[in-house]
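Worksheet: one structure, shown below.
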Amino acid sequence: ALDLAPFWELVVAPSPEKIVHAGLQDFDPATRYTGRPPANIFDTQIAAAFAGYTYPVGLARLVTSLISVELGKGLKFSQWDRRPLSQVQIRYAASDVRFLLLLRKRIEEKLEAAGNLAAALEECNTLCSPSLYGFDPEVQYQRVRGASSLRPRELAVLRELVIWRDEQARHHDLPPRTLLPDAVLVSLARNPVSDHEALRQVAGMPRPVASQHGDELIQAIKQGLAAKAETLPNAMRVKETASEKEALASLWQTMENVAKEKQIDVGMISSRAELSETCKLLARGMMPQSRLFTGW
């Protein structure tokens with residue numbers, strides 16, 4: 001088998017700079033195998049958001065816009081796990097990285113012209129934070145898509161399912177969401193099942209997971225349902241008042257205007273949902289953990 005250890009060591013080394021496009025999901029293996037987070041990263045998707053492009057922007061659009069090259073139709077749904085790769089797949093994969101050096105140069109020119117280079121580099125550096133790659137169940141379940149709509153008891157079930165998924169993903173050497181999608185976890189948390197037949201009927205449930213790990217999933221659900229009241233997570237959504245809605249709309253509009261003036265995609269600053277939750281918690285005397293209070 002190919003020894004990838006030298007490659008992972010390069011990813012986490014302080015030098016040289018590593019140029020990627022939307023590279024977050026690709027760094028987890030490096031951290032898993034070396035015990036260290038990635039270092040010295042320039043992400044063209046992130047940087048482009050500080051140069052007048054929407055976030056997230058696709059690689060093909062950036063290459064066309066800044067280098068005047070058409071990458072052609074992609075192979076997103078190709079069977080990349082089959083070996084050997086075809087010549088078409090190899091050419092497509094090579095195109096994913098062929099233009100990154102030139103792309104970085106063109107983006108940096110735009111960043112310097114807009115006065116956003118330092119902020120873009122700082123944002124790229126957030127990909128090097130160890131907290132992104134270590135598994136903390138108290139944080140990880142909150143990152144599940146759809147978790148914010150769940151009630152405290154349902155969140156307790158979700159937390160147990162997320163712990164189970166992470167353990168099994170590491171055992172099978174798979175990305176957690178590949179093993180079991182977020183939508184399935186949220187469905188199980190909202191409508192807990194207690195037998196194998198009901199588990200198999202859950203929309204999106206992979207059959208191999210249900211057949212091989214049914215007992216473990218049902219046990220994780222039971223543990224969440226049995227969690228003591230004092231250990232239940234807090235609801236992630238706080239209902240806003242009419243006056244808060246009005247203030248939020250005004251604040252969001254101001255944020256969009258400032259971002260547009262600075263040629264920064266507003267999504268790099270915050271989301272409407274994050275801004276809403278932040279304002280509601282502040283209004284109730286609570287200090288939220290929000291990116292609005294840190295960094296550039």
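Side chains included, hydrogens not; waters and symmetry mates left out as well; all remaining heavy atoms used.
Using a 4.0 Å cut-off between charged nitrogen and carboxylate oxygen, K260 and E256 do not count as a salt-bridge pair. The existence of a salt bridge linking R32 and D173 is confirmed by a sub-4.0 Å separation between a basic side-chain nitrogen and an acidic carboxylate oxygen.
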Next item on the list: Show your reasoning for whether side-chain hydrogen bond (donor to acceptor under 3.5 Å, both in side chains) applies to Q253 and N257.
Entry: CA-CA 6 Å; Q253 184 62 59; N257 292 341; 3.1 Å; yes
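Residue pairs meeting the ring pair (Phe, Tyr, Trp, His ring centres under 6.0 Å) criterion with at least one member in residues 122-158, sequence neighbours excluded, do not occur. Each ring pair (Phe, Tyr, Trp, His ring centres under 6.0 Å) pair with one or both residues in residues 152-204, not counting sequence neighbours, appears once here: W164-H213, H172-H213. Counting only residues at least two apart or on different chains, no ring pair (Phe, Tyr, Trp, His ring centres under 6.0 Å) pair has a member in residues 240-263.
The closest side-chain donor-acceptor pair between T126 and R291, if any, does not fall under 3.5 angstrom.
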Name every donor-acceptor pair, under 3.5 Å, that has one atom in a side chain of residues 218-226 and the other anywhere in the protein, sequence neighbours excluded.
none

Tabulate below the donor-acceptor pairs under 3.5 Å that side-chain atoms of residues 109-116 make, not counting sequence neighbours, or state none.
{"unit_1": "N116", "atom_1": "ND2", "unit_2": "F50", "atom_2": "O", "d": "2.9"}
{"unit_1": "N116", "atom_1": "ND2", "unit_2": "K262", "atom_2": "O", "d": "2.7"}

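The shortest distance between side-chain heavy atoms of F27 and C128 does not fall below 4.5 Å. Contact of the N234 side chain with the L155 side chain is not registered, since no non-hydrogen atoms from C-beta on lie closer than 4.5 Å.
With sequence neighbours left out, T54 forms a side-chain hydrogen bond (donor to acceptor under 3.5 Å, both in side chains) with R61.
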